[in-house]
**Q** 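Here it is: the structure, laid out below.
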Amino acid sequence: NAGVTQTPKFQVLKTGQSMTLQCAQDMNHEYMSWYRQDPGMGLRLIHYSVGAGITDQGEVPNGYNVSRSTTEDFPLRLLSAAPSQTSVYFCASSSTYSVNYGYTFGSGTRLTVV
Amino acid sequence: GIQVEQSPPDLILQEGANSTLRCNFSDSVNNLQWFHQNPWGQLINLFYIPSGTKQNGRLSATTVATERYSLLYISSSQTTDSGVYFCAVSLFYGGSQGNLIFGKGTKLSVKP
């Protein structure tokens, strides 16, 4: 099993550019989410999805967009990049129906906006 | 919303020492997980432990849900234990997972 795969691992954007961070999981998990990690802030939830076609906002959704057309994929779109979006982004998935609701995280995308 | 506080924020150990990390949370939860983020940034799930005690090798965890805290024990620490340890909690209901809320972590450095 590949688990949760995130691409790219590193990205530099100019202010105002848009891009999509990719996230795919092969565990047939219903639940997927995006977090950002900033120094001293822990991980903060951006958006999440409880199944294909269903998405909702987390704690810090502004400037980001998501969609969930399949169970496997949950891309995160930056609409117009800003320096405040410089961060490390993690995608996670989990099975709602497993007795162990442990999350599996991707390896992260380090994004720098200049 | 639920608040999660972890202590200590930083911890330096000599290899072979034992340590206890603490996680306090402000409200009732039925999902609590401990994660280790290694120096390369990878987040690894250590325990799913909404209550009770679990052990995995040199690591063990105890959650006392009624008193709203969890403890992570690391025995005979090794340099590979270095990194940041996160506690995360949620309240799920009606089949809904609930979104994990993370503490700010405890940064552990194990010196050889």
Side-chain angles (χ1 to χ4, degrees), chain A residues 2-6 8-10 23 25 27 29-51 54-61 66 68 74 87-111, chain B residues 1-10 21 23-26 29-52 54 56 59 61 63 70 83-107:
Chain A
V4 177
T5 302
Q6 286 185 238
K9 294 190 183 303
F10 301 95
C23 175
Q25 53 93 6
M27 298 170 283
H29 284 170
E30 305 83 11
Y31 180 89
M32 297 184 74
S33 56
W34 278 101
Y35 286 84
R36 60 178 287 173
Q37 183 178 24
D38 302 296
M41 298 290 291
L43 279 79
R44 293 182 292 168
L45 182 66
I46 305 171
H47 284 285
Y48 66 98
S49 169
V50 298
I54 305 170
T55 63
D56 207 344
Q57 297 180 352
E59 179 186 357
V60 288
V66 292
R68 184 96 179 267
F74 191 44
S87 188
V88 181
Y89 292 85
F90 288 96
C91 178
S93 75
S94 177
S95 172
T96 304
Y97 304 106
S98 169
V99 293
N100 179 349
Y101 292 88
Y103 277 33
T104 300
F105 277 88
S107 57
T109 296
R110 186 174 294 274
L111 175 68
Chain B
I2 302 172
Q3 305 295 316
V4 182
E5 292 186 2
Q6 292 186 242
S7 60
D10 296 279
L21 283 59
C23 171
N24 293 332
F25 43 96
S26 63
V29 301
N30 51 16
N31 182 1
L32 188 146
Q33 302 182 30
W34 283 96
F35 295 87
H36 175 224
Q37 186 171 39
N38 64 27
W40 296 271
Q42 181 68 40
L43 280 156
I44 305 297
N45 189 298
L46 297 175
F47 294 104
Y48 163 73
I49 184 165
S51 63
K54 288 186 178 179
N56 185 1
L59 272 61
T63 298
S70 182
V84 182
Y85 289 81
F86 289 102
C87 169
V89 304
S90 74
L91 179 64
F92 66 85
Y93 48 88
S96 170
Q97 167 75 245
N99 298 309
L100 281 182
I101 299 168
F102 282 77
K104 295 186 177 180
T106 292
K107 184 176 181 181

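Any value given below was found using the heavy atoms of this structure, including those in side chains, with hydrogens, waters and symmetry copies removed.
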**Q** With a cut-off of 6.0 Å (strictly less than), are more than 12 heavy atoms of other residues, nucleotides or ligands near CZ of A:Arg110?
**A**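 Open.
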**Q** Could you tell me whether a side-chain N or O of A:Tyr35 sits under 3.5 Å from a main-chain N or O of B:Leu100, the two making a donor and an acceptor?
**A**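 Yes, because the side chain of A:Tyr35 sits within donor-acceptor range (under 3.5 Å) of the backbone of B:Leu100.
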**Q** Any chance you could measure B:Asn31, atom CG, to A:Tyr103, atom OH, to the nearest 0.5 Å?
**A**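 Rounded to the nearest 0.5 Å, the CG-OH separation comes out at 7.0 Å.
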**Q** Answer with side chain, backbone, both or neither: which region of A:Leu43 has an atom nearer than 4.5 Å to a non-hydrogen atom of chain B?
**A**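 Both the backbone and the side chain of A:Leu43 come within 4.5 Å of chain B.
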**Q** Could you tell me which residues satisfy side-chain contact (heavy atoms from CB on, under 4.5 Å) with A:Thr55, sequence neighbours excluded, listed by chain and number?
**A**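 Testing A:Thr55 for side-chain contact (heavy atoms from CB on, under 4.5 Å), a comparison that skips the adjacent residues, returns A:Ser49, A:Val66, A:Arg68, A:Phe74.
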**Q** Which atom names give the shortest non-hydrogen contact between A:Phe105 and B:Gln42, and what distance separates them?
**A**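 It is O-NE2, 3.6 Å.
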**Q** Checking heavy atoms, do the side chain of A:Ser33, its backbone, both or neither come under 4.5 Å from chain B?
**A**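 No part of A:Ser33 comes within 4.5 Å of chain B.
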**Q** Check each atom of B:Gln6 against the heavy atoms of chain A and say whether the ones under 4.5 Å are side chain, backbone, both or neither.
**A**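 Neither part; nothing is under 4.5 Å.
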**Q** Which answer fits A:Glu59, side chain, backbone, both or neither, if we ask what part of it has an atom under 4.5 Å from a heavy atom of chain B?
**A**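 The answer is neither part of A:Glu59.
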